[in-house]
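Single-structure report; data block below.
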2 protein chains.
Amino acid sequence: MAEHECVQLVPIFSELGSEQLDTIESIVRHHHYPAGSTLFGADDPLDSLMIVANGQVKVYQLAANGREQLLYLLQTGDIDGEAALFENQRRTSFGEALVPTDVCSIRRSDFQDLMQKYPSISINVLNVFGKRLSQLERQTTSTATESVEARLANYITETAAALKTDTFKLPLKKKDLATFLGTTPESISRKLALFERQGLITQKPGKVIEINDADQLLW
Amino acid sequence: MAEHECVQLVPIFSELGSEQLDTIESIVRHHHYPAGSTLFGADDPLDSLMIVANGQVKVYQLAANGREQLLYLLQTGDIDGEAALFENQRRTSFGEALVPTDVCSIRRSDFQDLMQKYPSISINVLNVFGKRLSQLERQTTSTATESVEARLANYITETAAALKTDTFKLPLKKKDLATFLGTTPESISRKLALFERQGLITQKPGKVIEINDADQLLW
DNA sequence: ATCAGAACTTGACGGCCGTCAAGAAATTCA
DNA sequence: TGAATTTCTTGACGGCCGTCAAGTTCTGAT
């Protein structure tokens, strides 16, 4: 594997120099998870910060009625576990690798030491928090107040905008996308078919979607 | 007004000594907002951290269709929700005083200096945002996967548990509670009436609710 | 205390969307 | 590559709950 592997990937360490990254790399643990395997579950002790070195991880919760809610889709370079870095808490969500995934982890006490030594890290962590909070705030507002149609249209245009392309492949199975948007796979199928009938999008094999009229899609 | 007024109230400064609190107090600005007035709006520049010294503030977003989503209810001692304090960003939500409210604010640059000087502050801020994040995760899961009935029942039992009492007054108008739970005032009225018919709660004048059977309320 | 306005309750109605089911398409693995 | 399994699509149906409306209760200001 490469030199600073995961440590280099992560924005929270971006202000650090090469030797400092070496130091961090030396205290990092490496893990590999096959597709479909579980990284962590609710009630697990939350004792380390995880860095996705390569792959894709879905983070979800289970409601009391057993239904699943996808909260985050972690990509290469994303971190997780920052929510309780200084408190003894347990996890509240599940983590599952969607593809073969490499993960680096730093134990909580080690990370605390790092933050003492390099204050820029704490500020970066706070910013990661901020992004996650505002993403989640928007998600909450969206699922609570908008129709499935509007939420799906939003998701499509935002995903396309993030990739800077009009034609892209959905990064999730419809089942997972459904739990992310707070709906069902059937409803997604129907709404996509509707968008296609309206000429707003074109669906191609392999979960590929082409946007024909982004403005109209958002009303 | 008292000595350390708001600064003393806030958990994020709890590790600091009296003279340090004095220093902070000296850079704090005080504001008063009458009930119903706006503290901040979406797109306002995010240039200071706000501390609720006394009163109650609702923080909400507006969806594209104009509907309101209540995200947080800030009480005395709470700080406002924007975690993006270290990036040049704008606010994403609205803040409105529900009762006459005193607020102290610290300018962003001053707060950044404080965090450099007293690392305990950053750690406390991380913990506050961590709690807020997991609260919001649960809220998202709840509104996306559970029925109005289940969400309301949950809200009632949790509020009662937090107050350690079976009889309590709803801290919000039904209209605001509705936007918090992702429903409508009418539905809340109906479900409360249903719970009362089932003997699970008793409603009394003045938004007071008495829980008769907490277990049954959650199934 | 009185009154105007806001908040709440209750009923009727309808539409969105979740559920169940069955067949089609796509993906995986030997 | 081919078969087995998973995922997806489409239809029919029904219930939850949002909307509209009208009446009632509550609240707060004069």
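Here is the naming used below: chain letters follow the sequence lines, and residue numbers restart at 1 for every chain.
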*Can you tell me the distance, in whole Å, between the CG atom of A:L192 and the C1' atom of D:dT9?*
11 Å
*Report yes if some heavy atom in the side chain of A:F111 is under 4.5 Å from a heavy atom in the side chain of A:V125; otherwise report no.*
yes
*side chain to side chain donor-acceptor pair (under 3.5 Å) with B:T184: which residues, sequence neighbours excluded?*
B:S187
*Scan side-chain atoms only and decide if A:Y72 and A:Q139 contain a donor-acceptor pair under the 3.5 Å cut-off.*
no
*Residues in side chain to side chain contact (heavy atoms under 4.5 Å, CB included) with A:Q216, at least two apart?*
A:L200, A:D213
*Measure from CG on A:L170 to C1' on D:dT9 and round the result to the nearest Å.*
15 Å
_Looking at A:R108 and A:D47, would you say the former's side chain and the latter's main chain have a donor-acceptor pair under 3.5 Å?_
no
*Given atom CD1 of B:I188 and atom P of C:dT9, what is their separation to the nearest angstrom?*
9 Å
Without placing hydrogens or testing angles, list every side-chain donor-acceptor pair under 3.5 Å for residues 168-179 of chain B, not counting sequence neighbours.
{"unit_1": "B:D176", "atom_1": "OD1", "unit_2": "B:K58", "atom_2": "NZ", "d": "2.8"}
{"unit_1": "B:T179", "atom_1": "OG1", "unit_2": "B:L70", "atom_2": "N", "d": "3.3"}
{"unit_1": "B:T179", "atom_1": "OG1", "unit_2": "B:D176", "atom_2": "O", "d": "3.0"}

Please list each protein N or O that sits under 3.5 Å from an N or O in nucleotides 28-30 of chain D, with the distance.
none

*Would you check if there is a donor-acceptor pair between the side chains of B:T92 and A:S134 at a distance under 3.5 Å?*
no
*Among B:Q69, B:R67, B:Q61, B:E68, which residue meets the side chain to side chain donor-acceptor pair (under 3.5 Å) test with A:T141?*
B:Q61
Sub-3.5 Å pairs of nitrogen or oxygen atoms, protein against nucleotides 3-8 of chain D:
{"unit_1": "D:dT7", "atom_1": "OP1", "unit_2": "A:K173", "atom_2": "NZ", "d": "3.2"}
{"unit_1": "D:dC8", "atom_1": "OP1", "unit_2": "A:K174", "atom_2": "N", "d": "3.1"}
{"unit_1": "D:dC8", "atom_1": "OP2", "unit_2": "A:K174", "atom_2": "N", "d": "3.2"}

*Using a strict 4.0 Å threshold on nitrogen-to-oxygen distance, state whether B:R132 and B:D78 make a salt bridge.*
no
*Partners meeting side chain to side chain contact (heavy atoms under 4.5 Å, CB included) with B:T101 (sequence neighbours left out)*: B:V52, B:V57, B:A97, B:V99, B:V103
*Do A:N154 and A:S142 get their side chains close enough for a donor-acceptor pair, meaning under 3.5 Å?*
no
_Residue pairs fulfilling side chain to side chain donor-acceptor pair (under 3.5 Å) with at least one residue in residues 191-200 of chain A, sequence neighbours excluded_ = A:E149-A:K191, A:E196-A:Q203
_A:Y60: partners by ring-ring contact (aromatic ring centres under 6.0 Å, His included), with sequence neighbours left out_ = A:F94
*Quick one: list whatever passes side chain to side chain contact (heavy atoms under 4.5 Å, CB included) with B:R29, sequence neighbours left out.*
B:H31, B:S105, B:R107
*asked:* Do the side chains of B:E158 and B:R151 get close enough for a salt bridge, i.e. N-O under 4.0 angstrom?
replied: no
Could you pull out the protein-nucleic contacts involving nucleotides 14-18 of chain D (nitrogen or oxygen on both sides, under 3.5 Å)?
{"unit_1": "D:dC17", "atom_1": "OP1", "unit_2": "B:V148", "atom_2": "N", "d": "3.0"}
{"unit_1": "D:dG18", "atom_1": "OP2", "unit_2": "B:T183", "atom_2": "OG1", "d": "2.7"}
{"unit_1": "D:dG18", "atom_1": "OP2", "unit_2": "B:T184", "atom_2": "OG1", "d": "3.3"}
{"unit_1": "D:dG18", "atom_1": "OP2", "unit_2": "B:S187", "atom_2": "OG", "d": "2.8"}

*Using five base pairs at each end, measure the axis-to-axis angle across the helix from C:dA1-D:dT30 to C:dA30-D:dT1 and round it to 10 degrees.*
70°
_Strictly under 4.0 angstrom, non-hydrogen atoms only: write out the protein contact profile of nucleotides 21-26 of chain C, one letter per nucleotide from the 5' end, B, S or -._
------
